[in-house]
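The sequence lines fix the lettering, A, B, ..., with proteins before strands; numbering per chain opens at 1. What you see below is based on every heavy atom in this structure, not just the backbone, and it leaves out hydrogens, waters and symmetry mates.
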Amino acid sequence: MIFLHTADVHLVPLSEPDGKRRLAVLAELCGLAAQRDGLVISGDLFHSQAAASDQGLLSGLKDALSKAGPKPVLIIPGNHDRPGGVGPHPLDGRHDLGAHVRLLSKEPYEETSIVGVRFFGIPFQTERSGGELLRALPPEARGAVVLLHGTAADRKTLTMYGYDPEDPEESGDSIFLDADLSDAGAAYYAFGHIHRHESWSLKSGSAAYPGSPDAVTVKEEEPRQVLEVELRPGKAPIINKLALQRSARSLRKTVLAIPGAEGEALKDAREFIAGQRSDVRPVVYIRGLGSGRLLEEGRKDLEAGFKDRDPRPIVKLRADVLGDEELSSPGLLQDFGKAMAEAAKATGADPELTARAALIGWLALRDDEKSLDKLLESIGTGS
Amino acid sequence: MKLSKLAVSRFGGLQGPATLAFDSASTLVYGANEAGKTSFADALRTALFGPPERGRATAEGKTFASRYGDDYSVEAQWLNSQGGVLRSTAEKPTAEEDIPRELFTNLFMLKGGECTLSGKDKLDAGFGSKFAKAVLGAGEVDLDSAIKLLQKISDPKGSTKWSKHDKKLKDELALADAKLADLGRLRELSLKRDKADKAVAELEARLKSAEAELRAAESGSSRLEAEDLASDRARWDNAVSDEEKARLPADAPALTGLEAFAKAESDAGRDCASLESRISERHAESAKLEDALSSLKAKAEALPDKVLCEKLRFSLGDLGTASSNRPASGAYSPVFELLVPLIAAGIGLSLGWMFKGKLGAALGLVVCGFLGWLALSLLKGKAGTGQADQEKLLSAFRPVAASLKWPDVPEQCAKKLSERDAEETRLLAEISARREALESAKTDVRRLETELSEAKSKLSVASADLSRALSKTSVSSIKAYISRKADWEAAKRTAEHLEASLRGRLGIESDKPVSELKTKLQARITELKEAGLTSESSQLKRESLKPKLESARSLREKLLKDLEASRRSAESARLEASQVQASIGGGEAAILAKAQQARAAVDDLSLWRRAAEEACATVRRLSADTGKRVAELVQDASPIFSELTAGRYSGLELQGPSIFEEESLRAVHSTLGSKPVEWLSKGTQDLLWLCLRMALARRIRPEGSLLVLDEPFLTLDPGRAGKALEALLGSKWLKGWQVLILTKDPAMVPAASAAGVRVLDL
């Protein structure tokens with residue numbers, strides 16, 4: 001029995017830059033699923049409620065899903081489909097997505113089967129803890145496939161990808177511990193929520209995050225894929241990664257600005273964006289010190305210049321921007337900026353570290369203890 | 001960049017409109033007070049950088065607005081280093097790239113007395129440091145201080161503030177990690193709680209079933225107990241009834257009375273028996289005596305016939321040998337003697353039969369027989385007495401002896417006769433004795449019979465007494481009385497035992513009335529019957545019920561104990577889990593997020609420390625460069641200073657590691673030797689300040705540019721000022737530079753003219 005496992009498609013309205021590509025990626029996935037026994041989507045099909053109510057998108061979604069037909073497509077709602085994990089949500093059957101699409105949205109779980117194999121879908125919900133949800137599964141879940149959406153907290157390398165306090169669409173999380181997963185005894189846990197691929201073995205069975213099939217955030221730099229899972233009775237499932245033609249990954253670069261040489265940083269950014277292939281979403285962070293006015297103007301120019309690129313690049317101004325007057329020092333401060341840039345170039349230091357050094361050095365040279373105190377206070381507050 | 005023209009209108013002291021033209025060479029701009037020198041400098045600055053921003057609430061902006069208002073115009077014309085002409089106005093100032101504002105303000109435009117008159121810092125606090133801060137940096141740069149500051153940040157023990165914050169973040173991380181660890185504990189507790197809850201549910205179910213069994217058993221037991229009680233009550237009732245029935249009447253004699261009666265009766269009976277026995281004995285005795293008498297009589301009758309013997313005796317007497325033993329009677333033939341009684345008896349028989357039948361016959365037989373014998377006897381006596389003569393006597397004797405079959409020897413017969421007489425005497429004596437004894441016995445019998453009669457009478461009385469007494473107890477005998485009494489006592493004991501047992505079972509004390517016992521007993525039986533209604537009697541087996549009940553009770557006890565333990569365990573796990581949950585405070589996702597944030601914050605602070613280290617390294621490099629540059633600067637300024645002091649000082653030198661150290665910059669006097677510049681006069685310090693700025697300006701713009709000196713020699717005496725101006729204007733060090741010197745000192749005008757410098761009089 002072979003099925004495909006994906007999650008975190010994060011469909012956005014078609015009017016948004018990534019809207020059409022995400023839908024195309026889903027259609028590609030469904031096309032691959034038609035050659036297997038089915039497809040499971042472990043949550044976050046939609047990025048937002050706005051997406052879930054976009055008629056054009058819903059129509060396109062039905063078309064995309066139809067490419068898998070008649071092979072079944074199992075879908076559970078994730079935290080983006082159902083913010084907060086309570087109440088109604090767009091995957092509760094209100095939309096006709098095709099006869100072969102099975103929405104597993106009943107709490108605490110809903111059961112179905114594909115070619116005789118049991119599948120249990122645990123929709124995203126927050127009234128019960130992950131452990132409680134797993135313990136609520138019936139004995140028949142042993143040896144079955146379980147779809148779930150949340151953070152596998154024992155995967156230390158993954159957990160840092162699970163939480164983005166800056167994302168307003170993040171609304172709640174379910175925490176699943178390996179011990180509980182082992183106790184429930186499913187053959188395969190089809191996870192969703194963390195956009196990075198990882199698979200691991202449990203005392204009984206295996207678990208995997210497929211990663212998002214198309215990069216949703218700037219951190220998602222690894223190649224995107226869908227998982228092909230072959231269930232073997234009495235043996236661990238075989239998990240293959242299948243590459244996707246239509247998806248894109250992010251690729252980040254930090255360019256360092258120095259006072260008086262802001263143009264060079266912008267030039268570096270432009271060259272980086274222009275040099276990337278179409279399956280890469282370039283993400284540029286402008287860091288360091290510089291004229292806020294010049295850097296912001298440059299950032300806007302870059303965005304305008306690449307507005308037709310798909311995926312559209314992201315340019316973020318993360319420099320410690322200073323007023324023109326602060327920057328027009330004739331002597332040591334400018335010399336310091338240049339010295340920092342030269343040192344960073346010579347040593348190949350981490351641009352993030354260099355940018356911070358530039359700022360903290362700048363403040364120290366100005367003997368600006370107040371700002372240093374503010375900086376210290378800001379550490380750990382998220383600001 | 002050099003100024004070629006400045007056109008101003010309505011600008012402070014320069015109301016104009018005026019157009020001031022300049023050539024590339026230096027110019028002395030002279031004007032008395034209020035002639036417009038300050039307006040000239042401000043117009044120049046406005047043409048270069050525009051007016052200070054109005055929106056800014058700076059002193060500079062306010063002063064500018066109040067001094068110049070809005071209605072002015074300023075336009076300047078410049079020549080750049082390539083010879084190109086540039087125009088700038090207040091509205092469209094020169095791009096800063098040409099002459100950055102800071103550079104112009106700090107370096108290319110000097111105010112007289114700037115070094116000694118302006119600012120709060122005293123130069124004696126460190127000339128070099130002051131110069132570096134004012135001119136080399138953006139006003140406040142202190143490399144050593146920056147290095148120290150960065151070191152404090154990068155060194156984990158350097159700054160209390162950073163250490164504290166670091167510790168706080170690490171504490172938060174430790175707490176968050178502990179809470180994460182608590183998640184595992186919480187899970188274990190939840191599992192424990194769930195397990196205990198499950199156990200509780202199972203035990204409750206088992207308890208329910210055990211209680212049902214117990215109820216069934218109890219119901220059965222109730223039923224049986226009801227039956228037992230009912231049965232015991234029936235037995236009790238029976239016993240009570242038996243007791244009542246067997247109970248002796250209140251006036252019934254006591255057993256002792258009865259026994260007295262009985263004893264009397266018994267004694268009387270015994271007396272009777274004894275008397276009867278004695279009578280019987282006497283009768284027996286009498287019979288024996290009569291037998292003996294008969295025997296004696298027979299013996300007497302068997303003696304040789306008395307008549308013969310009397311005849312013999314007579315014969316003997318007659319013969320002389322007669323003896324007193326001779327028989328008294330005569331002898332008759334035996335047939336005669338037999339026939340006489342028999343005939344008499346026959347007559348009596350016939351007569352009796354005729355009159356009285358059989359009885360009469362018998363009586364006639366006896367009486368007549370006796371009478372016949374009696375008549376014969378009388379006849380015999382009369383016959384013997386008539387014989388006499390010896391021979392006659394012997395002849396008479398012999399037949400008599402022969403009749404007696406005695407030897408016909410008279411002696412022998414006399415002996416025999418004597419013997420027979422003796423025998424007859426003895427027999428008669430014995431007969432007499434026997435007759436007396438018989439008589440005595442008969443007397444005794446009569447007496448005894450009298451006594452017996454009395455005894456029987458006593459017995460009758462005693463029996464009547466006893467009978468009367470027994471009749472009161474409705475028993476026929478004392479045995480029956482005893483038996484009845486025994487029955488009564490047994491029934492009473494049974495009744496009492498059952499009552500005590502029932503009282504005990506119902507918990508009713510013995511002093512409570514029986515009616516209460518009965519009422520409660522009935523109520524209890526009803527209650528038990530109701531309780532036992534559910535049990536099926538067919539399944540009730542008394543012998544198996546008890547162990548069943550005990551087993552159900554012990555199972556229930558055990559289950560209750562287990563249940564209590566499980567409940568305690570569940571409760572304890574629940575409590576502990578809620579404590580852990582409370583100490584964690586918040587959902588799992590929030591805890592994980594918090595831990596990630598805390599870790600990120602610790603990493604963030606660590607990265608800032610590394611950044612401070614990096615920055616510190618760069619500042620150190622910069623410091624080393626700056627020291628080198630300052631040394632070069634001092635070297636450049638040294639001949640200028642010598643020139644402008646007209647040789648009083650041969651030059652400058654640096655002592656110590658850095659210009660920022662106090663007294664490190666020293667002036668070498670031509671005759672007095674080296675001394676720290678802080679020791680110089682104020683005017684000479686200002687001059688030194690000018691020299692250092694000129695040297696720095698030359699280094700920054702080696703090709704030359706515009707240098708504006710506003711009252712550069714303000715703090716010098718007029719003589720030294722003139723010489724200094726001459727030296728300045730003639731200095732080779734300012735070759736290629738356009739120097740505009742603003743002054744109100746008229747003595748400067750001829751000095752400038754003498755040096756071939758154009759004078760612009762405002």
Suppose we screen for side-chain hydrogen bond (donor to acceptor under 3.5 Å, both in side chains). Which residues come up paired with A/Glu264, at least two apart in sequence or across chains?
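Testing A/Glu264 for side-chain hydrogen bond (donor to acceptor under 3.5 Å, both in side chains), a comparison that skips the adjacent residues, returns none.
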At a 4.5 Å cut-off on heavy atoms, which part of [X] comes close to chain A: side chain, backbone, both, or neither?
X	answer
B/Arg610	both
B/Ile153	side chain
B/Asp194	side chain

Atom pair [atom1]/[atom2] of [X] and [Y] - distance to nearest 0.5 Å:
X	Y	atom1	atom2	result
A/Ile360	B/Arg609	CD1	CZ	9.5 Å
A/Ser378	B/Leu605	OG	CG	9.5 Å
B/Trp162	A/Leu375	CH2	CG	5.0 Å
B/Leu150	A/Leu372	CG	CG	7.5 Å
A/Glu369	B/Leu149	CD	CG	5.0 Å
A/Asp180	B/Arg187	CG	CZ	3.5 Å

Contacting region of A/Leu177 [heavy-atom separation from chain B under 4.5 Å]
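A/Leu177 touches chain B through side-chain heavy atoms alone.
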Heavy-atom proximity to chain B below 4.5 Å, by part of A/Ala358
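It is neither, since no heavy atom gets under 4.5 Å.
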Apply the test side chain to side chain contact (heavy atoms under 4.5 Å, CB included) to residues A/Leu353 and B/Trp608: give CA-CA distance (whole Å), side-chain angles for both, the deciding distance (0.1 Å), then the verdict.
CA-CA 8 Å; A/Leu353 182 64; B/Trp608 277 115; over 6 Å; no
Looking at every heavy atom in both A/Leu376 and B/His165, which two are closest together, and how far apart are they?
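Here A/Leu376 and B/His165 meet closest at O-NE2, 3.0 Å.
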What heavy-atom pair brings A/Ala357 and B/Ala611 nearest, and what distance separates the two atoms?
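Answer, listing the atom of A/Ala357 first, then B/Ala611: CB-O, 3.2 Å.
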Using a heavy-atom cutoff of under 4.5 Å, enumerate the residues of residues 131-139 of chain A that contact chain B, numbered in order, or state 'none'.
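Contacts with chain B: A/Glu132, A/Arg135.
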When you look at B/Lys168 and A/Ile379, which way does the side chain to side chain contact (heavy atoms under 4.5 Å, CB included) test go after all the steps?
CA-CA 11 Å; B/Lys168 183 184 149 217; A/Ile379 299 172; over 6 Å; no
Tell me whether A/Glu127 at atom CD has more than 12 heavy atoms from other residues, nucleotides or ligands lying less than 6.0 Å away.
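Incorrect, the count does not exceed 12.
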Has B/Arg574 got more than 12 heavy atoms of other residues, nucleotides or ligands less than 6.0 Å from its CZ?
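Yes, CZ of B/Arg574 has more than 12 neighbouring heavy atoms, counting only those of other groups under 6.0 Å.
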Check: A/Arg356 side chain, B/Asp604 main-chain N or O, donor-acceptor pair, under 3.5 Å:
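Between the backbone of B/Asp604 and the side chain of A/Arg356 there is a qualifying donor-acceptor contact (under 3.5 Å).
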